[in-house]
Amino acid sequence: MTDSTKTLERLATSDYQYGFVTDIEQETVAPGLNEDVIRLISAKKEEPDWLLEWRLTAFRHWLTQQQPQWARVHYPPIDYQAISYYAAPKQKGDGPKSLDEIDPELRRTYEKLGIPLAEQAILAGVAVDAVFDSVSVATSYKGKLAELGIVFCSFSEAVREHSALVRQYLGSVVPYRDNYYATLNSSVFSDGSFVYIPPGVRCPMELSTYFRINASNTGQFERTLIIAAEGAYVSYLEGCTAPQRDENQLHAAVVELIALDNATIKYSTVQNWYPGDAKGRGGIYNFVTKRGLCKGHDSRISWTQVETGSAITWKYPSCILRGENSVGEFYSVAITRDYQQADTGTKMIHIGKNTRSTIVSKGISAGHGQNAYRGLVKIMPTAENARNHSQCDSLLMGDQCGAHTFPYIEVQNPSAQVAHEASTSKISEDQLFYCRQRGISTENAVSLIVNGFCKEVFKELPMEFAVEAQKLIELKLEGSVG
Amino acid sequence: MLEIRNLYATVEGREILNGIDLIIRPGETHAIMGPNGSGKSTLANVIAGREGYVVTGGEIRFDGKNLLEMDPETRACEGVFLAFQYPVEIPGVANLYFLKAAVNAVRKYRGESPVDAMDFWDLVHERMELVKMDESMLKRSVNEGFSGGEKKRNEVFQMAVLQPRFAVMDETDSGLDIDALKVVADGVNALRNPERGFLVITHYQRLLDYIVPDYVHVLVNGRIARSGGKELALELEQQGYALYNEEPGRARRAA
């Protein structure tokens with residue numbers, strides 16, 4: 001084995017830096033799942049009857065379903081009865097009125113992650129709705145957003161305060177019957193974020209939620225709903241890390257986006273959950289359903305994701321392009337190393353006339369990592385003049401890893417133009433030597449080359465997020481350097 | 001500045017260099033000529049420290065330091081530059097960004113602070129003129145989609161910005177038309193000075209019309225078969241390498 005290959009291997013096996021557990025009293029429901037647990041969750045959240053009924057309907061459907069087997073990922077069977085379905089940090093009184101009231105231990109957790117909540121909100125002008133386990137504990141900039149009529153709150157609060165909107169849109173993009181994990185989420189979802197941008201309003205700041213799984217043995221079932229009314233614009237950021245845990249943690253979130261006429265939703269994710277140790281033990285199972293509906297004409301939904309964590313990632317942020325001239329975009333960087341597995345991609349469903357979609361997927365595999373792109377481009381008979389361009393590039397580091405591409409293309413309208421490009425490359429010894437001959441160390445050369453490979457995706461991220469993502473990738477590949 | 005003594009090297013177990021002796025002093029430009037497979041590029045790669053080129057005997061000293069003990073980036077930081085015969089493409093990495101990373105790596109090695117953005121910009125623009133490079137090439141990814149001529153020009157441009165003390169030009173003339181050749185040669189000539197040494201590797205005499213060397217060496221079967229002044233290149237042009245290849249005995253006599 002050459003020196004460069006050794007260095008690559010070493011880089012690819014550096015430790016997870018965010019492995020710590022916050023010591024906070026948890027209010028947790030005993031493990032197990034049945035109708036009583038669902039009633040309890042619903043009661044704790046003081047939900048209206050219709051929502052309880054919706055949860056129960058989903059649960060009854062879930063009982064008839066089987067875990068899907070088609071993804072190119074492997075893991076032992078999950079015991080759903082061993083999971084606790086509700087955990088909330090204990091609060092005195094009715095909950096925090098301001099950031100100052102938040103549990104100091106919790107604040108420290110965010111700070112360790114480099115997310116000083118208050119500072120970030122003030123300095124970066126980002127309104128942060130932090131989700132700690134299952135209940136939202138901080139919401140900032142609410143007043144400023146409220147002046148514009150923007151609603152940005154926890155899902156629970158939305159159920160109480162904006163019940164009509166939630167009832168109208170919940171499950172309208174991802175129905176409770178959609179897939180095994182979405183059905184599970186529909187029955188037991190704990191909390192998440194809700195965003196509503198009224199007609200003609202351009203949200204003046206990036207909306208950001210940091211998710212963090214903390215309670216041991218507690219599944220996380222976030223539910224996020226974002227609605228951009230006619231002519232509205234919003235950019236939403238989601239970033240996550242998780243503390244080190246030895247056992248697997250299930251995460252099955254659902255995100256629904258709805259864009260009405262001329263509306264734009266940009267949804268960016270940086271995902272860095274605990275991937276398990278170097279031997280493949282532990283780590284998060286990340287089974288997420290994310291889907292956006294371009295409901296109105298000239299609407300636009302853009303997904304950008306940087307997936308670096310989790311033991312298993314099973315995730316296909318998708319767009320249903322129903323409105324005429326609507327646009328769907330998917331930009332993805334997925335890194336797998338050690339024994340991480342990722343099966344990720346997108347679905348672009350063209351229904352309306354002149355709909356357009358773009359897919360740019362960059363997969364990086366190192367160590368024993370397995371990375372699969374799975375994408376569907378479907379042009380329905382009604383989608384006159386639909387256009388799609390897909391580009392799937394894979395980068396391999398070392399010779400133990402794998403990259404796989406599964407593009408599915410279904411065209412039912414002859415006027416469609418669909419293009420798919422794919423490439424697989426290795427960081428070559430030649431490239432490394434070229435950099436080193438110019439004085440650049442191997443580690444820096446690797447991060448230079450990888451960042452170059454990811455550039456098309458990074459440029460879609462909001463500026464400060466792009467810097468964060470670049471740092472995260474360097475961390476992933478450089479270990480303690482950062 | 002560069003002393004090569006009795007250098008032996010193998011590639012994939014094959015003996016390529018068989019006892020090379022070569023001394024290059026500051027300000028000198030040496031040309032190495034030779035037929036295909038004589039070990040010209042191997043010599044360049046051994047000097048730069050490329051993996052897979054195994055030194056089995058002899059030594060290389062650079063300003064008295066043992067070059068063979070250094071990894072490639074240290075050699076570069078010490079001031080050894082290789083203009084690649086086949087420059088590598090690095091997609092997504094802007095040429096300018098790459099160059100800045102290289103300049104700062106060298107500065108860090110020397111204990112200097114990162115280059116000032118304005119100073120760097122000025123230097124880059126001044127050096128671009130040397131090789132008549134278009135500004136658009138700064139923004140393009142390193143060598144990606146460059147024509148053969150553009151790649152070679154980019155090598156000379158990088159050299160001009162990095163200002164190494166010693167540069168190896170590995171068949172920089174290959175694949176160049178006469179106009180590109182002149183541009184590249186002008187760039188190299190502009191960088192020649194009393195402190196800087198050059199080792200110009202070429203198969204053809206043509207390049208040496210433009211980069212006039214102080215010494216010419218003929219490399220045959222991994223050994224310097226003959227050394228002389230610039231006139232030796234002309235002689236080779238007329239007689240070819242056949243003399244050396246087919247009759248090694250006579251070649252040795254000629255040396």
Original post:
Under a 4.5 Å heavy-atom cut-off, does chain B meet the side chain of A/C435, its backbone, both or neither?
Top reply: both

Original post:
Is A/Q437 reaching over with its side chain to a backbone N or O of B/A83, donor-acceptor style, under 3.5 angstrom?
Top reply: no

Subject >> Point-to-point distance, once rounded to the nearest 0.5 Å, from CD of A/E429 to CD of B/E51 >> reply: 5.0 Å

Subject >> With A/K290 via side chain to side chain donor-acceptor pair (under 3.5 Å) - residues at least two apart >> reply: A/E238, A/T269

**OP:** Pick whichever of B/V80, B/L82, B/V93 has the most heavy-atom pairs under 4.5 Å with chain A.
**Re:** B/L82

Original post:
Are any non-hydrogen side-chain atoms of B/P91 and A/Q431 less than 4.5 angstrom apart?
Top reply: yes

Original post:
If you round to the nearest 0.5 Å, how far is OH of A/Y434 from CD of B/E89?
Top reply: 10.5 Å

Original post:
Considering only heavy atoms, which portion of B/P164 lies under 4.5 Å from any heavy atom of chain A: side chain, backbone, both, or neither?
Top reply: neither

Original post:
Which members of residues 53-78 of chain B, sorted by number, sit under 4.5 angstrom from chain A on a heavy-atom basis?
Top reply: B/D71, B/P72, B/E73, B/A76, B/C77

Original post:
Is it true that atom NZ of A/K347 has more than 12 heavy atoms of other residues, nucleotides or ligands lying nearer than 6.0 Å?
Top reply: no

Original post:
For chain A, which residues from residues 126-150 of chain B have at least one heavy atom closer than 4.5 Å to it?
Top reply: B/V142, B/N143

Original post:
How would you list, in number order, the residues of residues 96-125 of chain B that have a heavy atom less than 4.5 Å from chain A?
Top reply: B/Y97, B/F98, B/A101, B/A102, B/A105, B/V106

Subject >> A/R356 atom CZ, over 12 foreign heavy atoms within 6.0 Å >> reply: no

Original post:
Can you name the nearest heavy-atom pair linking A/I449 to B/I90, along with the distance?
Top reply: CG1-CG2, 4.0 Å

